[in-house]
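Here is the naming used below: chain letters follow the sequence lines, and residue numbers restart at 1 for every chain.
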Amino acid sequence: MPYVIEVENLEHSFGKKPVLRGVSFKIRRGESYVVIGGSGSGKSVLMKCILRLIKPRAGTVKINGQDVSSLSQKAMYSTLLKCGVLYQGGALFDSLNVIDNVSFGLVYGCGMSKKTAYKTAMKNLEAVDLGPEIARVFPAELSGGMKKRVALARAIATNPDIIFFDEPTTGLDPITTGVIDNLIVRCTKEMGISALSITHDVASMKRISDTVGLIHDGKMIWEGSNRDLTTTDDPYVRQFIDGSPIGPFIRS
Amino acid sequence: MFLVSVGRGVILFLSSIGKLSCFLAESIVVGLMPRYHWKQIGQQAVQIGYFSLPVVGMTALFTGMAMTLQCYTGFSKITAESAIPSVVMIAMTRELGPVLTALMVAGRLGASMTAEIGTMKVTEQIDALTTLSVNSYKYLVFPRILAGTIFLPFLVLIDDIIGILGGYLVGVHYLHFNAANYIHNTISSMSTWDVTSGLIKGAVFGFIVCVMGCYHGYLSNRGAEGVGRATTNSVVSSSIMILLLDCILTFVLF
Ligand SMILES: Nc1ncnc2c1ncn2[C@@H]1O[C@H](COP(=O)(O)OP(=O)(O)O)[C@@H](O)[C@H]1O
Ligand SMILES: [Mg+2]
């Protein structure tokens with residue numbers, strides 16, 4: 001089946017405040033899809049609805065052709081094993097050291113023995129350019145960029161088909177951003193993993209995307225390929241890319 | 001207007017009871033299914049059973065001592081000093097042991113459970129558990145509830161012993177009771193049911209403290225401030241429930 005993720009008319013609100021107001025898009029196998037949009041536009045909520053961490057008010061989400069709302073908990077867990085997630089703040093487990101963090105999904109999710117899981121985790125750390133010397137370090141002692149890398153290693157440890165990146169480069173310096181972007185490109189292009197990334201960083205968007213969707217006011221208001229970005233005359237996209245304070249986005 | 005706000009309050013109360021019940025049911029059902037997280041259970045057992053000992057022991061010692069002094073003031077007026085050992089014993093085992101232990105544990109452990117789980121909630125670590133295919137109720141909540149229910153009675157037992165010992169120290173060394181008589185009076189008035197009922201209370205309180213600690217952790221949102229608020233709510237609500245249930249259990253058990 002050609003699509004790994006199909007989202008249709010997704011709606012969600014917190015209390016009376018609508019956050020998503022009918023979002024639809026599809027991600028093909030092997031595609032790197034980037035969602036952009038202002039802070040608070042509901043990008044993280046969208047990702048959590050797809051992963052069934054939040055139950056949306058309306059709309060359907062299909063992962064690998066299966067409607068996630070109809071899956072049993074057990075089936076959902078096995079679907080989630082095929083999804084790697086890099087959270088906005090890394091979301092590393094504070095009480096566990098780096099190697100236990102990276103091997104967590106392998107040990108507790110896949111039921112692998114600790115020894116094999118550690119070996120795989122070491123390889124994953126290497127894949128994100130981290131050496132064995134940080135294996136016993138706790139997350140609190142790591143810098144922001146290292147945390148993101150460890151979190152990335154944990155996200156790819158279970159060998160997922162789809163990876164979700166929630167603002168992978170926010171708060172990092174330009175060089176570290178470049179490094180993380182390269183790692184993401186390596187995951188998607190070389191390992192053939194499909195990806196849904198969320199970012200506001202225009203430079204990284206250009207580097208990592210095949211397709212870009214712009215979310216605004218709870219709706220996907222523009223969708224286009226990486227190449228369309230430079231040629232489009234959509235005023236929202238232009239303003240987002242140029243970062244100009246004047247334009248159709250209304251700042252409240 | 002008044003009726004509306006009362007109605008809203010009642011609905012809010014009922015819905016939070018409903019939510020709590022669902023939380024509890026899910027935690028226990030998934031917790032009891034095989035593949036236990038032994039390591040988590042063990043860690044929590046050590047936290048509750050071992051690291052709480054100093055606080056609980058100290059509370060018990062001072063309470064036992066103060067209790068004996070106060071009893072002396074009262075009982076010497078009616079020349080009933082000889083009843084002091086058995087009164088201290090009954091008060092410690094039936095009432096003060098379980099209640100004080102539970103309150104101390106609510107402050108020490110209930111609070112830290114809420115803070116820990118709440119922080120995990122607001123920093124998306126609980127979401128991360130889920131997307132790594134681990135049930136967070138099974139991994140975080142069940143081990144805490146199990147360890148609390150099993151190990152709080154153990155703490156109560158220690159509390160009883162140290163409290164009675166505190167009473168003995170004051171009685172014999174300060175009030176100059178005859179040591180042999182004091183011990184004899186304590187032991188002869190002791191019944192198994194006094195101790196057992198205290199332990200039953202302890203198990204119930206341990207359950208309450210851990211359930212409330214975890215539940216409020218899951219409720220936290222909106223950053224550090226939310227976690228702080230959840231922690232306060234957790235300690236306050238479990239303390240009130242401990243005192244309320246103590247009253248109810250005392251009616252039921254005796
Ligand atoms: N758990 C929640 N409860 C209430 N409101 C929320 C919650 N999570 C997110 N929101 C609100 O939803 C909106 C979108 O949030 P989010 O998806 O995190 O934005 P972003 O696009 O920056 O990732 C925000 O206005 C936020 O306040
Ligand atoms: Mg976000």
Do A:Val34 and A:Phe165 come close enough that some side-chain heavy atom pair is under 4.5 Å?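 The answer is no, as the side chains (C-beta and beyond) never meet within the 4.5 Å cut-off.
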What part of [X] is in contact with chain A, defined as an atom under 4.5 angstrom from a non-hydrogen atom: side chain, backbone, both or neither?
| X | result |
| --- | --- |
| B:Thr130 | both |
| B:Ile126 | neither |
| B:Lys138 | neither |

Is it the backbone or the side chain of [X] that comes under 4.5 Å from a heavy atom of chain B, or both, or neither?
| X | value |
| --- | --- |
| A:Leu92 | backbone |
| A:Gln88 | both |
| A:Leu81 | both |
| A:Phe104 | side chain |

Looking at the rings of A:Phe164 and A:Tyr87, which for Trp means the six-membered one, are their centres under 6.0 Å apart?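 Ring centroids of A:Phe164 and A:Tyr87 are no less than 6.0 Å from each other.
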Do B:Tyr137 and B:Phe142 make the cut of ring centroids closer than 6.0 angstrom?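 No: the rings miss the under 6.0 Å criterion.
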Kindly check if the number of other-residue, nucleotide or ligand heavy atoms within 6.0 Å of NZ (A:Lys147) is above 12?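 Yes, because the 6.0 Å sphere around NZ of A:Lys147 holds more than 12 heavy atoms from other groups.
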For B:Glu225, look at atom CD and say whether over 12 heavy atoms of other residues, nucleotides or ligands are found less than 6.0 Å away.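 Count not over threshold, so no.
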Does the distance from a Lys or Arg side-chain N to an Asp or Glu carboxylate O, for B:Glu116 and B:Arg144, drop under 4.0 Å?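 The answer is yes: the pair qualifies as a salt bridge.
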Using a strict cut-off of less than 4.0 Å between a Lys/Arg side-chain nitrogen and an Asp/Glu carboxylate oxygen, indicate whether B:Asp127 and A:Lys48 qualify as a salt bridge.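 So B:Asp127 pairs with A:Lys48 through a salt bridge.
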Relative to chain B, which of A:Leu51, A:Asp94, A:Leu106 shows the most heavy atom pairs under 4.5 Å?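 That would be A:Asp94.
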Top of B:Thr123, B:Val134, B:Thr119 for chain A proximity - count of heavy-atom pairs under 4.5 angstrom: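 Option with the top pair count is B:Val134.
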